[in-house]
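One structure below.
Sequential numbering from 1 along the given sequence is applied to the chain's residues. Bear in mind that the values here come from a model prediction, so they are computed numbers and not experimental data.
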Amino acid sequence: LLLPAHWLKPPGVGVLTRLLPASVMMILLLSALDSSTSPSPWLRDVLCLLPVLGSYYRWRQPLISIVLGVGCAAIWTHLLN
């Protein structure tokens, strides 16, 4: 099915595309920081957040940033246990 391009790109979609990844990452960050009560998970979360923010700022690819953050947390947990 072929549709004209202007039907597929309403004005609100561009704004949503730019803002949604950052808002999802902020929700994940606040959820992670809220659930941890001891200082060690806070330190891990903050240290893992730094490469995530750097990669998102550099490449604007949320999937790469999320994978990097999860990988950082997994490595950190593996090294401490």
Over all heavy atoms of both residues, which pair between Cys48 and Ala73 is shortest? Give the atoms and the distance, please.
SG-N, 3.4 Å
Please list, chain by chain and in numerical order, all residues satisfying side chain to side chain contact (heavy atoms under 4.5 Å, CB included) with Ile75, sequence neighbours excluded.
Leu79
Let me confirm one number: the SG-CG distance from Cys72 to Leu47, rounded to the nearest 0.5 Å.
7.5 Å
Spacing of Leu63 atom CG and Ser55 atom OG [to the nearest 0.5 Å]
10.5 Å
According to a hydrophobic-cluster definition based on side-chain heavy atoms being under 4.5 Å apart (Ile, Leu, Val, Met, Phe, Trp, Tyr only), do Val67 and Tyr56 belong together?
no
